Amino acid sequence: MEVPTNYREWRDHVDYKAARPRPLTLGQLHALNRAERDAYDLERRAWISAETLIVTRDMKAIFEHYFDSRDETLAPGQGTSRSGVVVSGKSYMGKSSTLMQVCREHERDARARRPSVPGVEDPSEFMPVVYFNLPATLTPKALMLSLAAWMGLPLPRSTTSGRATEVVRDFLKAHGTTLVAIDELHKVRSHTKDGGDTVNALKGFQESVPAVFLYAGVNIPKSDLMRDPALADQFLRRNVVYTMRGFSYPAGKGGAEARAEWEDLLTKMEQILPLSAQQPGDLPELAPDLASVTKCSIGSLRSLLRKAANRAIRSGTERITPEILHSIDPSYPLTVIPITRPRRLFTCEDTPQSVPVDLGA
Amino acid sequence: MTDIRPLPTLTRRYHGEDIATYSARHAARNSLTAAEVDSWLREQGHLRSVNPRDPARLAAWRTLGVLHPSAFELPKDVNANRVTDRVLCRGCTAGNIARGRISGVGLVCLRHRRWLGSPEQRPIAERDILSAERLFRTVLARKGEVFDSPVMQIAAEIAIVGTDPGRELSPDTRSRLPREAHLYPIQIRFARLLTTAAFLEAIITAPAGIASRRRVIVEALDRILPVQDRAVRWRADNMMNEVASRLSREVTNARLRGHDPTDEWNLLRHAHGDS
């Protein structure tokens, strides 16, 4: 997934809407002439590579936390700190994708709500969302300079940390920013001096900007951010940590619900695949093997299915088969294992933390 | 070297605005100062000179503000009259303080009916002042005169010394607008007179000598000055004669010495119809 590195890319990212190709039967596909077929394939490949939305249980829970936090910021000038949300989980669980999805929805909603007067209001004055990856080297000044650079503000290196913070804060306030999303939070090392200062800077920044703060990072409760207990405690008191559960595919009667959830995910993914010969239920049938190969990671699954779909288009099979999956990942078995006899057991270790989550329907 | 990209919030540049106020306003709209942006430009190697009007700096700020390539290319002079930097009409700049150079505009903004001269901008309702500005634009500006050219300054001085403030201005208007504004119509009429080829010919090369020149000047003053009070008018008379005699002397001396006359006030060009 391409991460926007500045506000222009972010706007392009938000504005981009992949066009879903019209579904064609195999007969209709073969009736296309060469040029039409090339154009159709290009359209399909663009759709496959696009970040299509698949609502998962984790996503619903994160949205709920975001709504809670957003509602806290509705009354301006409260003067008290607002709680943010920290999305934690293993890598390839879709943390960044979920975070970006929340940000996209927030930006679209904010833009739609904002009254615009043609010719009077400059759209460039409005920046409801900042989505930002933490830099590798972290000091309070580096953090603020990176944020400024993301927003396109040319601050010189000689700027003091205080001034950089002031510029960023004033800019966000002036441009109606109501959501600040910071990814790669696990890079913060609270036990070092710079890291500790950065945690304090983040804390102060979060308190001074009237916006929802969302963070994402790998295994935050066990990360270096938590190495200094006092700082970690301060940080966690201001934010709700949600640890993504991900998916699992356990054997036995007790795992029926988890298995159904995984198969439901595969069904949703299958529905968005623009393959002419793909039959409903093809992917859920491969559920145990896909669970085994991808370790129930949604990121790995998406990556595998994208490649498989593109190969199915190129090869003309127009269907994701075990052979295609095996050609991409040799660990994928060529024989289909029936769902009633799961071959491999896999369970995610993570469980939700700190807050009970209503998963909804 | 990082490429220069436009600042996130764009800022409109007003007609005639120079880089000094534009850079300050554009930076401020992005929560920065112009010095910070210049410092960044220097760090990135885009800027080497400290000259605020360095071509590289102008180009950089054009990029930062997505401005037209000709932005900040302001007129330096018009027909040898220097175009002075001044505060632009607050109405045209939506209340912002912007400085720049505009030729072709006198001391009044006709669109917003504002007095642009010193000491501060004020709204104008007087029709004669607005008419005077129209006259400036249609006649004097076309002859290459600017709002503070020597001709306009001489005309302003003659207007000041030739009128009685107590008689010319009613108490209510005196408090609202500066005296210069009320004298603007008279100033424009004098400036127009001084740039008329026939008048210049008459006072420089008066065929019947000094007496003839004095008569031409008296007739002109009679036409322009509203109060026929000799106690006040003699100063204007004196000043006009002083201007005329200096021009005449300069032209005569130059002719005798066989070189071109020095056009101290950039006025003699009008005598030959150069403008």
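Quick caveat: nothing in here was measured; it's all calculated off a predicted structure. Chain identifiers are assigned alphabetically (A, B, ...) following the order of the sequence lines, protein sequences preceding nucleic acid strands; residue numbering begins at 1 within each chain.
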> Does a sphere of radius 6.0 Å around CZ in B:R101 hold more than 12 heavy atoms from other residues, nucleotides or ligands, not counting ones at 6.0 Å or beyond?
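More than 12 heavy atoms, drawn from other residues, nucleotides or ligands, come within 6.0 Å of this atom.
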> Looking only at heavy atoms, which two atoms of A:R8 and B:R5 are closest? And how far apart?
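The answer is CD-NH2, 3.2 Å.
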> Considering non-hydrogen atoms only, spot the tightest contact between B:P8 and A:G152 and give its length.
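Heavy-atom minimum between the residues: CD-O, 3.4 Å.
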> Taking atom CE of A:M127 and atom OG1 of B:T9, what is their separation to the nearest 0.5 Å?
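A:M127 CE to B:T9 OG1: 6.5 Å, rounded to 0.5 Å.
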> Please give me the minimum heavy-atom distance between B:Q44 and A:R157, naming the atom from each residue.
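Looks like NE2-NH1, 4.4 Å.
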> Heavy-atom count around B:R42 CZ within 6.0 Å, excluding the residue itself: above 12?
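It does: B:R42 CZ has more than 12 such atoms within range.
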> Counting only heavy atoms from other residues, nucleotides and ligands, does the tally under 6.0 Å from CZ of B:R192 exceed 12?
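Count not over threshold, so no.
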> Below 4.5 Å, heavy atoms only, C-beta onward: do A:R163 and B:T33 meet side chain to side chain?
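In short, these two side chains touch, coming nearer than 4.5 Å.
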> Would you give the length of the straight line joining atom CG of A:L153 to atom CH2 of B:W40, rounded to the nearest 0.5 angstrom?
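Rounded to the nearest 0.5 Å, the CG-CH2 separation comes out at 11.0 Å.
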> Quick one: pull up CG in B:L32 and CZ in A:F171 and give me the separation to the nearest 0.5 Å.
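Going from the CG atom of B:L32 to the CZ atom of A:F171 covers 8.5 Å.
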> What part of B:T2 gets within 4.5 angstrom of chain A, counting heavy atoms only: side chain, backbone, both, or neither?
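For B:T2, neither part sits under 4.5 Å from chain A.
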> For B:R82, does the CZ atom sit with more than 12 other heavy atoms under 6.0 Å from it, leaving out its own atoms?
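No, because the 6.0 Å sphere around CZ of B:R82 holds 12 heavy atoms or fewer from other groups.
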> Distance-only, no hydrogens or angles: does the B:E36 side chain make a donor-acceptor pair with backbone N or O of A:P156 under 3.5 Å?
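Looks like no, no N/O pair under 3.5 Å.
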> Against chain A, work out which of B:A27, B:S39, B:S31 has the most heavy-atom pairs shorter than 4.5 Å and name it.
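Between B:A27, B:S39, B:S31, the count favours B:S31.
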